[in-house]
Amino acid sequence: MARVKQKQVGAESKSIAQAVSKDGYPFKPSDDHWRLNKDVQISLALPGAVDATTEAGLRATLLRYAEEASARHTENMITRFKRYLRDTGASQVTATDLINWRASLGAEGQWRLGGLKGFLVAWHDYGFEGVSKEVVDLLQGWRIQGNEKGAAVASGCPESGSYTDLEMAALLDWATLAVARKDIVFEDYAYLLTLAMTARRPVQIAALRGRDLDRDANERALMFRLNIPRAKQRGLTFRGAFRSLPILEDLDLLLRQQHRQSVAAVSKTIGGEVDLVLASEVPIFLNRKRLEDVKNVDELKDLLLGRRPDRLHVTTSELGSALQRCARASTARSERTGEFIRLSAIRFRHTRGTKLRREGFGAFIIAELLDHSDTQNVRVYTENTAQEAVVINELVGAQLAPFAQACLGKLVHSEREAIRGDDPRSRVPNDRQHAVGACGNYGFCASGYRACYTCFHFQPWVDGPHEEVLVDLYAEKERTREAGCSNVIVNANDQLILAVEHRVSMCKDARAQMLDANLLEAGAHG
């Protein structure tokens with residue numbers, strides 16, 4: 001009787017005028033496109049000529065998933081079912097086609113079948129037609145290998161694995177300079193820094209609101225926290241659970257400024273001020289296209305507090321576009337490849353997990369700080385103990401320096417060519433009080449001469465004693481190593497070392513070019 005009743009429900013689902021996704025988005029089950037949330041819209045147009053009974057059962061099962069499971073999970077199921085149809089040319093689900101598909105996928109691709117297995121079993125258990133008991137018995141008798149996790153991390157891949165400390169420093173230095181020069185917009189910069197400093201998924205960053213920024217004053221100091229919405233949790237609604245993450249004051253100030261910009265955009269759209277309580281509900285990263293449809297405060301409240309509270313939040317695809325814009329503008333290079341550093345959100349998560357493992361934290365701590373619910377997905381960090389970072393010393397520093405391109409200043413042949421060249425106060429002396437260049441900035445700076453080598457205001461002289469700086473840096477690094485300091489301390493100045501190495505190399509090339517030019521001129525006169 002239960003199976004007959006379920007089949008009746010499956011038949012009735014075809015005539016349902018409107019359904020509502022788990023995230024509160026209404027859609028018509030009879031349509032070929034279902035909008036499930038702000039990020040996900042699935043297409044039910046199937047490849048090839050699919051049996052009518054199979055298509056009806058598929059739609060009924062997907063409807064259950066759309067109403068009860070996450071939008072991304074529902075999207076994955078239809079995507080994998082379409083892959084099954086394309087690869088096999090099948091018009092229905094049969095044991096023979098599944099056996100052939102498994103063989104064609106090979107060991108590395110069986111995870112595709114593994115993901116679809118649960119969907120097909122649920123399809124049968126719901127009582128919808130299209131999946132037979134023979135198929136279910138076959139699937140339940142198979143042990144299907146999952147997809148390989150963490151290969152990029154374990155291999156230290158310079159294209160898709162973790163960033164090295166030098167690469168992270170190069171990216172952050174470039175980003176700070178780029179937003180000051182307006183090479184990238186502030187919102188893209190805020191997203192990039194949030195990725196780098198929290199290692200959270202884009203969907204979590206997109207869900208942030210102003211009230212998630214928290215400041216906690218205790219007896220010792222002011223603490224800054226970010227209450228980040230959780231993601232990829234079964235049965236969880238939008239912003240249904242949070243984890244509090246301690247953050248630096250710099251990130252707190254950055255996100256507060258970004259939130260102020262979002263509130264200002266909302267106020268401009270509705271033609272009036274937004275009260276403090278409602279302003280705290282405004283997303284930090286705003287969906288500006290959706291905002292154009294908001295006419296008044298009542299509509300704003302409905303979008304933020306109604307049945308679909310994610311509608312004013314930026315989509316993950318828009319955040320992906322922001323990262324692509326940063327990648328196109330970036331001039332940060334990898335010391336490992338000499339190429340521009342490839343940007344992707346997952347690499348920042350890999351980097352956080354790798355750094356935590358290097359510093360001796362266990363699986364439970366890594367899982368907590370990466371917002372995992374268990375430790376099964378952090379084993380790649382705890383089991384892999386290889387050091388991915390390049391060891392900088394006198395033998396390899398000069399070779400890596402041109403790749404890293406860490407020195408940002410402009411080389412000048414003499415003090416006369418420098419900005420403020422007529423001002424003795426612009427001279428930058430090293431520890432031995434020998435001038436190595438001039439500062440082109442008219443403002444006050446208390447950073448010390450070492451910071452000049454990674455500053456774009458610095459104008460190093462071709463004949464400056466940059467080798468003295470390099471000797472002192474290598475000697476300091478050796479002293480910390482002999483003192484038994486941790487690798488974090490020993491390698492703290494590696495970015496600076498590469499910058500000075502790069503400058504020494506450029507000065508040698510400039511002097512060689514000047515010598516060649518003088519010889520040619522002398523030969524012409526002779």
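Hydrogens, waters and symmetry mates are skipped; everything else that's a heavy atom, side chains included, is used.
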J.: Once you round to the nearest 0.5 Å, how far does CG of L255 lie from CZ of R260?
T.: 10.5 Å
J.: Any donor-acceptor pair under 3.5 Å linking the side-chain atoms of R290 with those of H313?
T.: no
J.: Check A322 against D188 and note the closest heavy-atom contact, atom names and distance.
T.: CB-OD1, 3.3 Å
J.: Are E501 and Y474 close enough that a side-chain donor and a side-chain acceptor fall under 3.5 Å?
T.: yes
J.: If you take all heavy atoms of T194 and A190, which pair is closest and at what distance?
T.: OG1-O, 2.6 Å
J.: Out of curiosity, L213 CG to L226 CG, how far, rounded to the nearest 0.5 Å?
T.: 5.5 Å
J.: Quick one: does any side-chain atom of D39 pair with a main-chain N or O of T316 as donor and acceptor, under 3.5 Å?
T.: yes
J.: Report, as yes or no, whether the 6.0 Å neighbourhood of atom CZ on R432 holds more than 12 heavy atoms from other residues, nucleotides or ligands.
T.: yes
J.: Quick check against the 3.5 Å criterion: does R112 have a side-chain atom that pairs as donor or acceptor with the backbone of R80?
T.: no
J.: Quick one: pull up CG in D23 and CZ in F238 and give me the separation to the nearest 0.5 Å.
T.: 8.0 Å
J.: Heavy atoms, side chains only, cut-off 4.5 Å: are C507 and L411 in contact?
T.: yes
J.: Do the two ring centres, one from H466 and one from Y453, sit under 6.0 Å apart?
T.: yes
J.: Checking S280 side chain against V277 main chain: does a donor-acceptor pair fall under 3.5 Å?
T.: yes
J.: Does L496 offer a backbone N or O that forms a donor-acceptor pair with the side chain of N493 under 3.5 Å?
T.: no
J.: F340 ring centre to R333 NZ or CZ under 6.0 Å, with the angle to the axis within 45°?
T.: yes
J.: Counting N and O atoms only, with roles assigned by atom type, does the side chain of S262 sit under 3.5 Å from a partner on the main chain of I284, one being a donor and the other an acceptor?
T.: yes
J.: For A196 and M168, which heavy atoms make the closest approach, and how far apart are they?
T.: CB-CE, 4.0 Å
J.: From T269 OG1 over to L300 CG, what is the distance, rounded to the nearest 0.5 angstrom?
T.: 9.0 Å
J.: Does S162 reach the main-chain N or O of H350 with its side chain, forming a donor-acceptor pair under 3.5 Å?
T.: yes
J.: Is there a side-chain contact between R450 and L473 (heavy atoms, below 4.5 Å)?
T.: yes
J.: Please find the pair of heavy atoms, one from L286 and one from L312, that lie closest to each other, and give the distance.
T.: CD1-O, 3.5 Å
J.: Just by distance, do the side chain of S330 and the backbone of C326 share a donor-acceptor pair under 3.5 Å?
T.: no
J.: Contact between L195 and L323 at the side-chain level, heavy atoms closer than 4.5 Å - yes or no?
T.: yes
J.: Mark yes when over 12 heavy atoms from residues, nucleotides or ligands other than Q41 sit less than 6.0 Å from its CD; otherwise mark no.
T.: yes
J.: Roughly how far apart are F186 CZ and Q257 CD, rounded to 0.5 Å?
T.: 5.0 Å
J.: Would you check if I205 and Y191 make a side-chain contact, meaning some heavy-atom pair closer than 4.5 Å?
T.: yes
J.: Using side-chain heavy atoms (C-beta onward) and a distance below 4.5 Å, is Y189 in contact with D183?
T.: no
J.: Considering only NZ, NE, NH1 and NH2 on the basic side and carboxylate oxygens on the acidic side, decide whether E415 and R427 come within less than 4.0 Å.
T.: yes
J.: Hey, does E75 have a side-chain heavy atom less than 4.5 Å from the side chain of L36?
T.: no
J.: Are the side chains of I419 and K410 in contact, using a 4.5 Å heavy-atom criterion?
T.: no
J.: Taking all non-hydrogen atoms of both residues into account, name the closest pair between P309 and R209 and its distance.
T.: O-NH2, 2.8 Å
J.: Is E478 paired with R481 through a side-chain N to carboxylate O contact shorter than 4.0 Å?
T.: yes
J.: Is any side-chain heavy atom of V282 closer than 4.5 Å to one of H259?
T.: yes
J.: Under 4.0 Å between a Lys/Arg side-chain N and an Asp/Glu carboxylate O for D494 and K477?
T.: yes
J.: Return the minimal non-hydrogen interatomic distance between R201 and A231, and the atom names on each side.
T.: NH1-O, 4.2 Å
J.: Does R215 reach the main-chain N or O of L222 with its side chain, forming a donor-acceptor pair under 3.5 Å?
T.: no
J.: Step through the shown structure and confirm whether more than 12 heavy atoms of other residues, nucleotides or ligands are within 6.0 Å of CG on L276.
T.: no
J.: As an exercise, state the distance from CD1 of I228 to CG of D212, rounded to the nearest 0.5 Å.
T.: 8.5 Å
J.: Using atom types as modelled and distance alone, determine if a side-chain donor or acceptor of Q204 lies under 3.5 Å from a backbone N or O of P229.
T.: yes
J.: Say whether, by atom type as modelled, one donor and one acceptor occur between the side chain of E417 and the main chain of H413 under 3.5 angstrom.
T.: yes
